[in-house]
Amino acid sequence: MIKKLWDFGWGMYKKHEEGINYLIFGFLAFVLNYILYFIFADTIAMHYMAATVLSWVLTVVFAYWTNRTFVFKSKNKEAASVVREFVSFIGARVATEVLEIVLMYVMVSLLTINDKISKLVCQTIVILANYVLSKIWIFKDTSKKGEGNGK
């Protein structure tokens, strides 16, 4: 019985591995971003915008490594391919960070919504946007490529 449950669970994981891994590492990136934001905003007393940007910079490095290694399992080994992938990743993250900054400004400064609640809403939107951009643009078709195909 336990083996059947294990086999079922493992089979479901393997079937949806990319999505599950993205949720796991996306959640870890979210937690890291949120903790860093609290440290910068509350402990160091940074302005909420500065805290948002700095927490993003540190989180994006973590996100690139986990997305490349564990989520999309990039096979790119050639320097040009890795640079293209990294630049695309950073470009997408810059776009979603601009989105987050605009949303934080609107929610906190214009609508006077609590900055912690606003951060939670913004992070949810950003995580979803990042997955779509990573899937269709940065690491596209990585899971469908054959072994040894580094493009």
Side-chain angles (χ1 to χ4, degrees), residues 1-41 43-44 46 48-105 107 115-151:
M1 172 79 161
I2 292 175
K3 182 171 179 0
K4 285 184 181 184
L5 285 173
W6 175 263
D7 289 344
F8 174 76
W10 184 250
M12 290 300 289
Y13 169 76
K14 292 308 281 180
K15 182 177 179 181
H16 304 288
E17 184 175 0
E18 181 181 279
I20 292 168
N21 284 351
Y22 188 81
L23 289 175
I24 290 167
F25 289 106
F27 177 74
L28 290 175
F30 163 80
V31 169
L32 177 63
N33 190 291
Y34 217 68
I35 288 170
L36 290 171
Y37 178 79
F38 270 97
I39 290 169
F40 299 142
T43 305
I44 302 175
M46 279 185 184
Y48 76 89
M49 285 296 198
T52 296
V53 172
L54 187 55
S55 63
W56 173 82
V57 168
L58 297 173
T59 302
V60 82
V61 173
F62 171 81
Y64 174 74
W65 174 68
T66 58
N67 275 254
R68 177 179 167 72
T69 306
F70 303 111
V71 178
F72 299 103
K73 298 181 180 180
S74 177
K75 304 288 188 227
N76 290 331
K77 301 284 188 230
E78 300 166 3
S81 295
V82 173
V83 168
R84 182 208 56 82
E85 188 179 83
F86 183 73
V87 169
S88 297
F89 188 88
I90 297 300
R93 291 313 192 267
V94 167
T96 57
E97 179 59 9
V98 169
L99 173 66
E100 181 178 12
I101 289 168
V102 169
L103 289 174
M104 284 291 288
Y105 175 76
M107 294 174 77
D115 67 312
K116 305 312 185 281
I117 293 169
S118 297
K119 183 70 174 172
L120 181 64
V121 171
C122 289
Q123 278 294 288
T124 302
I125 293 166
V126 165
I127 287 169
L128 292 171
N130 285 337
Y131 177 78
V132 171
L133 291 170
S134 290
K135 180 73 176 166
I136 65 173
W137 183 41
I138 301 162
F139 302 105
K140 62 184 174 188
D141 300 322
T142 299
S143 63
K144 296 177 184 175
K145 303 264 182 211
E147 291 295 320
N149 189 352
K151 294 186 179 179

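Small disclaimer: the values here were computed from a predicted structure and weren't measured.
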Legend entry - Leu23 backbone acceptor or donor facing Tyr131 side chain under 3.5 Å: no
Inset, instruction - Could you tell me whether the side chain of Leu28 reaches within less than 4.5 Å of the side chain of Thr66, counting heavy atoms only? - result: no
Inset, instruction - Decide yes or no for Glu97 and Val60: does some side-chain heavy atom of the first lie under 4.5 Å from some side-chain heavy atom of the second? - result: no
Inset, instruction - Report yes if some heavy atom in the side chain of Leu58 is under 4.5 Å from a heavy atom in the side chain of Leu32; otherwise report no. - result: no
Inset, instruction - Could you go through the side chain to side chain contact (heavy atoms under 4.5 Å, CB included) check for Tyr37 and Tyr48 one step at a time? - result: CA-CA 8 Å; Tyr37 178 79; Tyr48 76 89; 3.1 Å; yes
Inset, instruction - Verify whether one side chain among Glu100 and Thr52 offers a donor that lies under 3.5 Å from an acceptor in the other. - result: no
Inset, instruction - Please name the pair of heavy atoms, one in Ala41 and one in Ala51, separated by the smallest distance, quoted to 0.1 Å. - result: N-CB, 3.8 Å
Inset, instruction - Look up atom OG1 in Thr43 and atom CD1 in Ile35, then write down how far apart they are to the nearest 0.5 Å. - result: 11.5 Å
Inset, instruction - Compare every heavy atom of Ser88 with every heavy atom of Trp137, then report the nearest pair and how far apart it is. - result: CZ3-O, 3.3 Å
Legend entry - Under 3.5 Å donor-acceptor, Ser81 side chain and Lys77 backbone: no
Inset, instruction - Report yes if the side chains of Tyr64 and Glu85 come closer than 4.5 Å at any heavy-atom pair, otherwise no. - result: yes
Inset, instruction - Starting at CD of Gln123, measure out to CG of Leu128 and round the result to the nearest 0.5 Å. - result: 11.0 Å
Inset, instruction - Any chance you could measure Phe139, atom CZ, to Asn67, atom CG, to the nearest 0.5 Å? - result: 5.5 Å
Legend entry - Heavy-atom side-chain contact between Ser134 and Arg68 under 4.5 Å: no
Inset, instruction - Would you check if Phe86 and Ile138 make a side-chain contact, meaning some heavy-atom pair closer than 4.5 Å? - result: no
Inset, instruction - For residues Leu103 and Cys122, report the shortest heavy-atom separation together with the two atoms involved. - result: CB-SG, 3.5 Å
Inset, instruction - Provide the closest heavy-atom pair for Val82 versus Asn76 in the form atom of the first, atom of the second, distance. - result: CG2-O, 3.5 Å
Legend entry - Heavy-atom side-chain contact between Lys119 and Asn33 under 4.5 Å: yes
Legend entry - Ion pair check, Asp7 and Lys3, cut-off under 4.0 Å: yes
Inset, instruction - Kindly assign one of parallel, tilted or perpendicular to the pair Trp6 and Trp10, based on the angle between their ring planes and the thresholds 30° and 60°. - result: parallel
Legend entry - Verdict with reasoning, Phe27 to Ile127, per side chain to side chain contact (heavy atoms under 4.5 Å, CB included): CA-CA 9 Å; Phe27 177 74; Ile127 287 169; over 6 Å; no
Inset, instruction - Provide the closest heavy-atom pair for Thr96 versus Val126 in the form atom of the first, atom of the second, distance. - result: O-CG2, 3.7 Å
Inset, instruction - To the nearest 0.5 angstrom, please state how far the CG atom of Leu36 sits from the CH2 atom of Trp56. - result: 13.5 Å
Inset, instruction - Using the side chain to side chain contact (heavy atoms under 4.5 Å, CB included) rule, take Phe30 and Leu120 through it: C-alpha gap first, then chi angles, then the decisive distance, then the call. - result: CA-CA 9 Å; Phe30 163 80; Leu120 181 64; 3.4 Å; yes
Legend entry - From CA spacing to verdict: side chain to side chain contact (heavy atoms under 4.5 Å, CB included), Met49, Tyr105: CA-CA 8 Å; Met49 285 296 198; Tyr105 175 76; 3.5 Å; yes
Inset, instruction - Search all heavy atoms of Tyr34 against all heavy atoms of Ile117 and return the closest pair with its distance. - result: OH-N, 4.4 Å
Inset, instruction - Determine whether Phe8 and Leu5 make a side-chain contact, defined as any pair of heavy atoms from C-beta on separated by less than 4.5 Å. - result: no
